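Okay, so here's the structure we're looking at.
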Amino acid sequence: MGAENDPSLAIDQALADLRAAFLPRFRGATSEQALRDENAKILGKKGELTAILAMLGKAAPESRKAIGQKVNALKQEVEGGFEGCLEELRAKAREAELSAPPFDLTLPGREPVAAGHKHPISIVREEVIALFRQLGFAVFDGPDVEHESNNFTKLGFPPDHPATDMQDSFWTKSGHLLRTHTSNIQIRAMSSMKPPMAFIAPGTVYRRDDDATHSPMFHQLEAFLIDRNVTLAHLKGVLAEFADRLYGPNTPVRLRPSYFPFVEPGAEVDVACVFCKQTDGSRAGCSTCKHTGWIEILGCGMIHPVVLENCGIDPDQWSGFALGMGLERIAMLRYGIPNIKLMFDNDPRFLAQF
Ligand code: DAH
């Protein structure tokens, strides 16, 4: 191999250049990251010193050992320089920290960047609970897995009622079922306590239903009151108050006769549509209210005397009213949510809007 092809000289030159340059380069770094980047440019896998080392294979065999030693020596120098500069940078940073104004522990905390959101159903549930509490109702709780008698029989459902069908409800092997409504709490409260009483029961309910407006699991809130001489007028008063507080003062309410086995008379309650309300209070009609100006929000009625009797309460002494609403429906109307599934998909783009 001729001397002109032996890269030993070139390697020597490259080593000398690097030796002269590395320390000023390290010193020029103003942050730990910049220093590490600079170090990687020299010692990294694709670094300058590594490139020089790669040239070694082309050097004359007799000069390889000496060059190898020089490369290693420079490598150690570079490593030492890096460590030294790192020390210096850290010392400087520490010095700056110590001489800066002291950290004020009494400052208020910063607001978290992404605070959580309440789910629209939780917002509505809490609001409705607060509203009824102000009217003097207390919360009564009960289990999701229920006896058939509390969910159906004692509420006056005949044994062949479609709701009791295997197709419509979720039954356990032991003959219990996931409650299909919160009306079961009426039975539980009336069977365990003496009137007068005024309770609400918010809770999860289950049905074999699944489409744009029905989910197999959803939420209801039941309210009922039993006392002497309770009439439909009391029920209407509570409903008017409910509509006023939830949808704004003087929101019109109407009762439409309807059938539920556990009330007599029974009714469905509509409130004047909140979406197409005009400034003069009239309703223009819109797709949400199907151009009727009214939106159905709940079912209600006077508690059937047989239901009172089933729970050991004398219907000649006591009377009461009950009402039950779906919280998803209340939330969908409140926020204009078109599909019930949105509320159970847990998509942050949806949830972050509340
Ligand atoms: N439980 C009924 C349902 O799930 C709703 C209901 C209607 C509750 C009338 C009541 C009532 O308390 O009086 O569809």
Side-chain angles (χ1 to χ4, degrees), residues 121 125 128-129 132 135 137 139-140 142 144 146-158 161-165 168-170 177-191 195 197-209 213-227 230-239 242-243 253-271 295-308 310-311 313 315 318-330 332 340:
I121 295 174
R125 183 184 54 220
V128 175
I129 290 175
F132 274 101
L135 297 179
F137 290 75
V139 173
F140 201 105
D144 289 14
E146 186 53 290
H147 297 283
E148 178 176 4
S149 60
N150 289 342
N151 193 84
F152 289 131
T153 325
K154 289 183 180 168
L155 283 165
F157 282 78
H161 191 282
T164 64
D165 202 281
D168 288 317
S169 308
F170 295 103
L177 79 162
L178 296 180
R179 63 172 172 191
T180 60
H181 52 183
T182 44
S183 302
N184 67 324
I185 300 298
Q186 291 185 42
I187 302 301
R188 286 185 168 264
M190 289 189 239
S191 304
M197 66 178 82
F199 286 115
I200 48 173
T204 314
V205 302
Y206 308 84
R207 290 182 200 173
R208 287 182 183 263
D209 259 345
T213 50
H214 297 91
S215 151
M217 183 278 305
F218 60 105
H219 301 83
Q220 284 191 339
L221 188 139
E222 193 90 2
F224 52 97
L225 177 148
I226 302 166
D227 207 332
V230 177
T231 71
L232 203 62
H234 296 110
L235 171 57
K236 244 201 130 173
V238 167
L239 291 171
F242 174 78
V253 177
R254 75 175 184 187
L255 275 72
R256 263 183 302 108
S258 185
Y259 175 75
F260 301 97
F262 39 92
V263 283
E264 178 58 36
E268 269 161 349
V269 175
D270 299 336
V271 291
I295 295 182
E296 182 196 324
I297 55 160
L298 54 85
C300 67
M302 301 305 293
I303 299 175
H304 200 294
V306 171
V307 174
L308 293 174
N310 288 343
C311 301
I313 294 174
W318 305 96
S319 57
F321 65 75
L323 60 96
M325 68 192 79
L327 291 176
E328 280 76 5
R329 184 163 176 78
I330 306 278
M332 287 168 87
I340 197 168

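These values consider heavy atoms only, across backbone and side chains, with no hydrogens, waters or symmetry-generated copies. Quantities reported herein were computed from a predicted structural model and do not represent experimental measurements. Counting starts at 1 for both ligands and their atoms, following the listed order.
- When atom types are taken as modelled, the side chain of T182 and the backbone of P202 share no donor-acceptor pair closer than 3.5 angstrom.
- A salt bridge is absent between R329 and E296; no separation between the charged side-chain nitrogens and carboxylate oxygens falls under 4.0 Å.
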Between F137 and F224, does a ring-ring contact (aromatic ring centres under 6.0 Å, His included) hold up when you go through it step by step?
-> CA-CA 8 Å; F137 290 75; F224 52 97; 8.3 Å; no
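- Here R254 pairs with R256, D270, W294 under the side chain to side chain contact (heavy atoms under 4.5 Å, CB included) rule; sequence neighbours left out.
- Remark: T204 pairs with D144, Y206, M217, H219 by the side chain to side chain contact (heavy atoms under 4.5 Å, CB included) rule, at least two apart or across chains.
- Pocket lining of ligand 1, defined as residues with a non-hydrogen atom under 4.0 Å away: H181, S183, Q186, R207, Q220, E222, F260, F262, V263, G299, C300, G301, A322, L323, G324.
- In this structure, F321 has no ring-ring contact (aromatic ring centres under 6.0 Å, His included) partners at least two apart in sequence or on a different chain.
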